[in-house]
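Here is the structure we will look at.
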Amino acid sequence: MTYTGDCFLVPGPVRMSQACLDAMATPVMTARGPEFRQVMATLNSGLRSAFNLSPSSPTMKSESWTGEDGYKVVVVSGSGTAAMEMVIANRFRRNDLVLVPTNGKFGERVADICRQFCNVKHIKYEWGRSFDLYELEQQLERGCYEALLICHNETSSGITQDAEAIAEMCERHGVSFILDGITSVGGMPVHPEKWKAEAVVMGAQKCTAGPSGIAAIAVSEHCVERIQAIHQQGDSNPRYYFDMVAALKKGDDDQTPWTPAINLAMGWGAALEGLKNETNEARWARCERMASGVRNLFSDLGFMLLADDGQRSNTVTAIMYPEGIDDAWRSALKEKYDTQVIGAQDHLKGKMFRVGSMGETPVQEMVEGCKRMLACFRDVGHDLPEVDVESYFS
Ligand SMILES: Cc1ncc(COP(=O)(O)O)c(C=O)c1O
């Protein structure tokens, strides 16, 4: 069946389901009453599932935020960046040294946030190039790092880091491992427990198709212990709204320290219910199917992909424009074809476009979107052969 609607193929915020929109339209409730505590319990249980953690009951007063694996989920009112700042501000002391390898804008942002709260060794690889794991190993051998932080799925350059190999290295060297999982959690395999990750962050508006402005953190028992010890020693970085100790005090009660983002929490809970029904495995597979279709289609047509082969992301594909084409193509795609993809950031602005394959996007929408992209490239004078687009997504 041909898809006829608008194609919204950006790497977040993504389209929200009707169930999510309806949930957000629920009439107001108090922030401390049983109705909202039930909302939090549903959200916590959905978050544990999306984070690929052991299950919890979606019922209030049942410690829905935690489970057998000892991890806790903490909901943050704010976007993904707020949640990353909360982890970093609370987990490190001013004199700690952390290692941050990067290959794109969001990794660089992780390094930037760290710089506000601790010392940073920033190893800056070119956007889209794989990390040199040998170099990271040599750094860890120095024995001076408290933690290694990565942007797991680099949305700016379309590369996914080899988290498993990095996790193994961190474990061997006794270094904490923290991930910005903002465009990986819910869209590709993430294994906090297996990777012994201290903290993983996700944003609602990406792979879980929730509303913008709410995020969550999965924290390990060790992370909680370290945060509490630093707090007790009076060695914490300045923070108030993002005080993790205050958030941890409220968690057992399905509460947050400040007025929560009530309607966003309701919407996200409904979106996560959608993910639970689809299952993580099925969503990861759908994202992979869409991304690999896009990768193969555009590569076969002679387009260059920015990210190194072998580590290309399943939730965002970064494609270089052919010679002579720039973002005017994107404007034409939106105006004439009712199809949106996103441009590039910083030094790659105007040189590249990015296609998101996350959330609840149906495969047929991606197929139709790709047909429209090719038609639009032909409109702007880029000669392309006729191809069977559908066959790339079967
Ligand atoms: C990998 C990654 N990290 C961090 C962010 C920033 O998240 P937010 O805009 O939700 O603060 C983004 C946003 O696109 C992202 O893709």
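Both counts, for ligands and for their atoms, begin at 1 and track the order of listing. FYI, the numbering just counts along the sequence from 1.
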Review point. Evaluating non-hydrogen atoms only, which member of Ile113, Val110, Thr315, Thr155 is closest to atom 1 (C) of ligand 1?
Key: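 Looking at heavy atoms only, Thr155 sits closest to atom 1 (C) of ligand 1.
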
For [X], the ligand 1 atoms whose distance to one of its heavy atoms is below 4.0 Å:
X      : answer
Cys151 : 1 (C)
Ser79  : 8 (P), 10 (O), 11 (O)
Thr81  : 6 (C), 7 (O), 8 (P), 11 (O)
Thr183 : 1 (C), 16 (O)
Gly80  : 8 (P), 10 (O), 11 (O)
Asn153 : 1 (C)

Would you say the side chain of [Y] lies within less than 4.5 Å of the side chain of [X], judging by non-hydrogen atoms?
X      : Y      : value
Asp112 : Val120 : no
Ser184 : Thr160 : no
Met86  : Met244 : yes
Leu148 : Pro101 : yes

Practice item. Mind checking whether Ile182 contacts ligand 1 via backbone (N, CA, C, O), side chain (CB onward), both or neither, at a 4.0 Å heavy-atom cut-off? Key: side chain

Exercise for review: Would you mind telling me if ligand 1 is within reach of the side chain of Glu154, the backbone, both or neither, using heavy atoms under 4.0 Å?
Suggested key: neither

Study note, to complete from the structure: Here the pair of heavy atoms bringing Leu99 nearest to Leu140 is CD2-CD2, 3.9 Å

For ligand 1, is [X] a contact, meaning one of its heavy atoms is under 4.0 Å away?
X      : result
Met84  : no
His152 : no
Gly203 : no
Lys206 : yes

Review point. Among protein heavy atoms, which lies nearest atom 3 (N) of ligand 1, and at what distance?
Key: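 Answer, as residue, atom name and distance: Asp180 OD2, 2.6 Å.
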
Point to revise | Distance from atom 2 (C) of ligand 1 to nearest protein heavy atom, with residue and atom | key: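 Minimum-distance protein heavy atom for atom 2 (C) of ligand 1 reads Phe106 CG, 3.4 Å.
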
[atom1]/[X]: more than 12 non-hydrogen atoms of other groups inside 6.0 Å:
X      : atom1 : value
Lys196 : NZ    : no
Asp383 : CG    : no
Glu126 : CD    : no

**Study point:** Pair Ser54, Glu68: side-chain N/O donor-acceptor within cut-off below 3.5 Å
**Key:** no

Point to revise | With sequence neighbours excluded, residues passing ring-ring contact (aromatic ring centres under 6.0 Å, His included) with Tyr145 | key: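 Applying ring-ring contact (aromatic ring centres under 6.0 Å, His included) to Tyr145 gives none.
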
Review point. Looking only at distance, does Arg109 have an N or O less than 3.5 Å from an N or O of ligand 1?
Key: no

